[in-house]
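Heads up: the structure comes next, in structure tokens.
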Amino acid sequence: MMGSGGMVVMDEDACLVDVSRFFQDFTQKESCGKCTFCRIGTRHLLTILERLTSGEGREGDLERLQILSEDIRDGSLCGLGRTAPNPVLTSLRYFREDYEAHVKEKRCPGKMCRPLIAYYIDLEKCARGCNACEGCCPTEAVFITADRKRGIDQAKCVKCGECMVVCPPEYDAVRRVSPPHLAPIVERPEKKP
Amino acid sequence: MTTRIITITVDQTPIDVEEGANLLAACLAHGITIPHLCYLEGLASASASCRLCFVQIAGRSRPTPACTVTVSEPITVDTGTPAVRRLQKAGLQMLLSVHRVDCRRCPANRRCELQRIAKFLKVGLNAGPLERRLKEPEVEAIHPRIDYYPNRCVLCGKCIHACRSRHPQSILTFAKRGFETRIAAYGTPEARGASVEGCRACIDVCPVAALQHRPDEPGL
């Protein structure tokens with residue numbers, strides 16, 4: 001994929017748009033800046049991919065990615081620039097629907113792009129008294145509901161996914177959804193004076 | 001031993017070229033326009049960094065920069081295929097996407113290479129669909145008497161070559177890397193000033209007026 005002869009195996013939890021963005025970020029750091037196409041072109045590629053993964057994709061972005069990638073591939077001076085757009089070109093070819101979901105539905109099928117996902121706690125499954133998620137949350141977004149279960153304050157949540165990791169498998173109550181508005185709203189109870 | 005003359009075909013016109021000549025230089029000498037920014041005559045190997053002088057050589061799968069081709073056999077060249085034009089326009093758009101297009105207030109207005117190339121390619125002086133990404137600050141004092149305008153610079157490297165070919169200790173160089181690449185000067189301000197006293201080769205060679213003589217210090 002990156003022209004190194006290596007192979008990367010990913011499961012369905014990987015977001016190919018985010019993977020492309022990661023590789024473009026890498027090329028950005030490796031570009032020496034000598035030739036126009038690699039120096040400027042890959043920066044524009046990265047800008048568009050960052051837009052997509054942050055949920056601000058626009059109509060026409062996919063076509064622009066395709067054209068820009070082909071130009072960089074054909075126009076660059078050395079092997080770095082010539083292979084830099086390969087992750088974009090191949091993922092656009094084989095996973096176009098993932099890109100389209102990011103642009104049109106603001107949805108990340110792999111549920112990896114943080115601005116496009118939300119975590120919530122399934123109240124049917126949450127166990128009263130277990131405090132794993134609340135204890136590990138770095139932003140105090142997890143609160144106790146009126147019936148002593150747990151809820152997530154979406155305004156405070158930074159989507160780190162720690163609560164999902166620590167939720168004991170016998171409960172498995174933390175859910176991840178995309179787009180974020182699919183998460184049911186659980187009100188934080190008023191603090192008693 | 002006399003140099004062998006090779007007849008190459010450029011845009012259906014046969015032209016006679018000395019063996020070992022540079023294809024871009026030969027075309028330009030015969031009045032054939034090929035957009036270019038970074039080519040300098042007399043360099044052992046062309047830097048080929050501006051990526052504008054693409055031509056299609058018969059038998060090759062994709063366009064090649066003409067400045068990298070040394071004529072050694074009778075080749076057939078096309079300077080205006082759709083693929084060539086596509087790459088040239090894309091390259092120009094990329095350069096313009098990091099360029100402050102403010103021609104009226106630019107000292108290079110009317111003698112600017114970017115204007116000339118855009119006119120030749122029949123495109124406007126804009127970045128098309130690309131977002132403009134300009135650098136800060138607009139002007140940098142890289143030398144006691146030279147100002148550098150990063151948002152005009154196309155990083156062709158001509159100024160660096162001009163400085164290297166004239167001074168035993170040249171002062172100009174590329175600095176940083178990737179998207180942040182820019183022109184910078186070596187040494188302390190005093191050393192820089194003294195070693196190139198009276199020379200303005202870099203300013204004169206710049207195709208886009210990215211290096212300017214600082215107005216408040218006359219007498220360079």
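Note that the coordinates shown come from a computational prediction; the quantities given were computed from them, not determined experimentally. Order of the sequence lines fixes the chain letters, A, B, ..., with proteins taken first and strands second; residue numbering starts at 1 for each chain.
In this structure a side-chain-to-backbone donor-acceptor pair under 3.5 Å is present from B:R51 to A:G75. Side-chain atoms of B:R177 come within 3.5 Å of backbone N or O of A:K29 as a donor-acceptor pair. With hydrogens and angles disregarded, a donor-acceptor distance shorter than 3.5 Å links the side chain of A:K34 to the backbone of B:S47.
Residue A:K156 qualifies as enclosed at atom NZ: its count of foreign heavy atoms under 6.0 Å is above 12. The number of heavy atoms from other shown groups lying within 6.0 Å of CZ (B:F120) is above 12.
In this structure, the portion of B:F54 lying under 4.5 Å from any heavy atom of chain A is its side chain and not its backbone. Interface remark: A:S76 contributes backbone atoms only to the contact with chain B (heavy atom separation under 4.5 Å).
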Please assess A:D71 against B:Q93 for the test side chain to side chain contact (heavy atoms under 4.5 Å, CB included), listing each intermediate value before the final yes or no. CA-CA 11 Å; A:D71 289 342; B:Q93 276 187 350; over 6 Å; no
Stepwise side chain to side chain contact (heavy atoms under 4.5 Å, CB included) test for A:I72 and B:M94: CA-CA 10 Å; A:I72 297 168; B:M94 285 181 197; 4.2 Å; yes
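Annotation: side chain of B:V98 is not in contact with side chain of A:R39 (no heavy-atom distance under 4.5 Å). Using a 4.5 Å cut-off on side-chain heavy atoms (C-beta onward), B:L130 and A:R43 make no contact.
Inspection of non-hydrogen atoms places B:R62 of residues 57-80 of chain B under 4.5 Å from chain A.
Rounding to the nearest 0.5 Å gives a distance of 12.0 Å between OG of B:S49 and CZ of A:F37.
For the residue pair B:R133 and A:T47, a side-chain donor N or O sits within less than 3.5 Å of a side-chain acceptor on the partner.
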